[in-house]
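In what follows, a structure is listed as structure tokens, so that the remarks can point back to it.
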Amino acid sequence: MNLSTQSWSIIIFAFNEENSIQKVIEESLKVLEKIAPFQNELIIVDDGSTDHTVKIIEDSIRSAKNAKLVVHHKNKGIGEALMTGYKLAKFENICAIPADGQFDIKELLPYSNIAEHTVISFYRVVKTRYSIYRKVLSFGNKIFNRYFLSIYIKDVNWVKIYKKLFFDEINPVLTSSLVESEICAKMVQNNYKIIEIESKYNARQGGISKGSSPKTIMRAVLELFKLFIVIRFNYKKHNKKQQLNSKESVADSN
């Protein structure tokens, strides 16, 4: 592996993950030292855990100068946890991973240097640990993404590596679990190169999945219309910008 010249921010989002969080933190710190030995940070966002997750996090990062913990004092949902991390991240490459250990952080190692205007999108081949109910929800989400948002990415809701400049450019506005759909739709509209990489899907070390909870689903449903409006507005804004740039290029050539 080539020595990385790029800086990295890794975000871990957690809610009641006392069984896995310590291992995920330890492995994340090791990976950061390999892919960005000179400039890196680990941001852990606890989304209102009611078990021992926060205490374990505090103990795990006590001697890590490049790690910090942000605590939501009440559970706000995965969307807000992600946005808290994304807004705090300050380095060139940004990657958010779940604290449940289902993503193998070592999968980042071959991608320490990412080209400009490029996103690495990991995808799960078979979500064998999804219940029938969760699979139906996942299928519905995929249909909506494809036919209403023109997103043909294999796994919108799995781990990705973004550029910090990309977030500065798109400025996400949603706060539900649909925020990743908003990000991906804007990524497509802004003509980012998307490199899709097959990813393992590890078994949970404990706890329960929150992605299909009634609270999460209801909030996402309420934001569907808002998501559609946001993406349509971004589409018009992007087209207007392209037309303006085209006119300026013609004027310069004359």
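None of these values were measured; they are calculated from a predicted model. Heads up: numbering here begins at 1 and tracks the sequence.
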Checklist entry - So Ser121 and Asp155, side chain to side chain contact (heavy atoms under 4.5 Å, CB included) or not? Walk me through it. => result CA-CA 8 Å; Ser121 179; Asp155 203 344; 5.7 Å; no
Checklist entry - With a 4.5 Å limit on heavy-atom distance, are the side chains of Pro172 and Ile170 in contact? => result yes
Next on the checklist: How close do Asn113 and Thr5 get, counting heavy atoms only, and between which atoms?
Outcome noted: OD1-N, 3.3 Å
Item to check | Spatial distance of atom CG (Leu29) from atom CD1 (Ile105) [nearest 0.5 Å] | outcome: 10.0 Å
Item to check | Criterion side-chain hydrogen bond (donor to acceptor under 3.5 Å, both in side chains) on Ser9 and Glu41, from CA distance to verdict | outcome: CA-CA 5 Å; Ser9 299; Glu41 63 179 351; 2.5 Å; yes
Checklist entry - Are Ile151 and Val173 grouped together when hydrophobic residues (ILVMFWY) are joined by side-chain heavy atoms under 4.5 angstrom apart? => result yes
Item to check | Check: Gln39 side chain, Phe91 main-chain N or O, donor-acceptor pair, under 3.5 Å | outcome: no
Item to check | Considering all heavy atoms, the nearest Ser60-Gln22 contact | outcome: OG-CG, 3.5 Å
Checklist entry - Is there a side chain to side chain contact (heavy atoms under 4.5 Å, CB included) between His72 and Val45 once you walk through the steps? => result CA-CA 7 Å; His72 291 170; Val45 181; 4.0 Å; yes
Next on the checklist: Is it the case that atom NZ in Lys23 sees more than 12 heavy atoms from other parts of the structure closer than 6.0 Å?
Outcome noted: no
Checklist entry - Are the side chains of Val71 and Ser49 in touch, meaning some heavy atoms are under 4.5 Å apart? => result no
Checklist outcome for this item: Nearest heavy-atom approach of Lys164 to Tyr86 is NZ-O, 4.3 Å
Checklist entry - Looking just at side-chain N and O atoms, do Lys163 and Asn93 make a donor-acceptor pair shorter than 3.5 Å? => result yes
Next on the checklist: What I'd like to find out is whether the side chain of Trp158 reaches to under 4.5 Å of the side chain of Gln102, using heavy atoms alone.
Outcome noted: yes
Checklist outcome for this item: Separation between CG (Asn66) and CD1 (Ile43), nearest 0.5 Å, reads 10.5 Å
Item to check | Test: Arg62 and Glu58 ion pair at under 4.0 Å | outcome: no
Item to check | Non-hydrogen atoms of Asn202 and Phe103 that approach each other most closely | outcome: ND2-C, 4.1 Å
Checklist entry - Within a strict 4.5 Å, meaning less than it, do heavy atoms of the Asp47 and Glu80 side chains meet? => result no
Checklist entry - Can you check whether Ile114's main-chain N or O pairs, donor with acceptor, with Gln6's side chain at less than 3.5 Å? => result yes
Checklist entry - Can Leu165 be reached from Val119 by stepping across I, L, V, M, F, W or Y side chains whose heavy atoms are under 4.5 Å apart? => result no
Checklist entry - Can you name the closest pair of heavy atoms from Asn190 and His117 and give their distance? => result O-NE2, 3.2 Å
Checklist entry - Just how far is it from atom CD1 of Ile44 to atom OG1 of Thr84, taken to the nearest 0.5 Å? => result 13.5 Å
Item to check | Check against side chain to side chain contact (heavy atoms under 4.5 Å, CB included), Ile12 and Ser28 | outcome: CA-CA 9 Å; Ile12 301 174; Ser28 296; 3.7 Å; yes
Checklist entry - Which distance, rounded to the nearest 0.5 Å, do you find between the CZ of Phe38 and the CD of Glu33? => result 10.0 Å
Checklist entry - Run the side chain to side chain contact (heavy atoms under 4.5 Å, CB included) check on Lys34 and Lys30 step by step: do they pass? => result CA-CA 7 Å; Lys34 292 181 179 179; Lys30 290 177 182 177; 5.6 Å; no
Next on the checklist: Applying a strict under-4.5 Å side-chain criterion to I, L, V, M, F, W and Y, I'd like to know whether Ile195 and Ile97 cluster together.
Outcome noted: yes
Item to check | Rounded distance [0.5 Å steps], CG in Leu88 versus CD1 in Ile94 | outcome: 10.5 Å
Next on the checklist: So, taking the atom named CD1 in Ile183 and the one named OH in Tyr162, what distance separates them when rounded to the nearest 0.5 Å?
Outcome noted: 4.5 Å
Item to check | Distance-only donor-acceptor check, side chains Glu17 and Thr53, under 3.5 Å | outcome: no
Item to check | Smallest separation among heavy atoms of Leu174 and Val179, with atom names | outcome: O-CG2, 3.6 Å
Checklist entry - Do you reckon Leu42 sits in the same ILVMFWY cluster as Leu109, going by side-chain contacts under 4.5 Å, direct or chained? => result yes
Checklist entry - Is there side-chain contact between Leu82 and Phe13, with at least one heavy-atom pair below 4.5 Å? => result yes
Checklist entry - Does Val156 offer a backbone N or O that forms a donor-acceptor pair with the side chain of Lys160 under 3.5 Å? => result yes
Checklist entry - Is there side-chain contact between Glu116 and Glu92, with at least one heavy-atom pair below 4.5 Å? => result yes
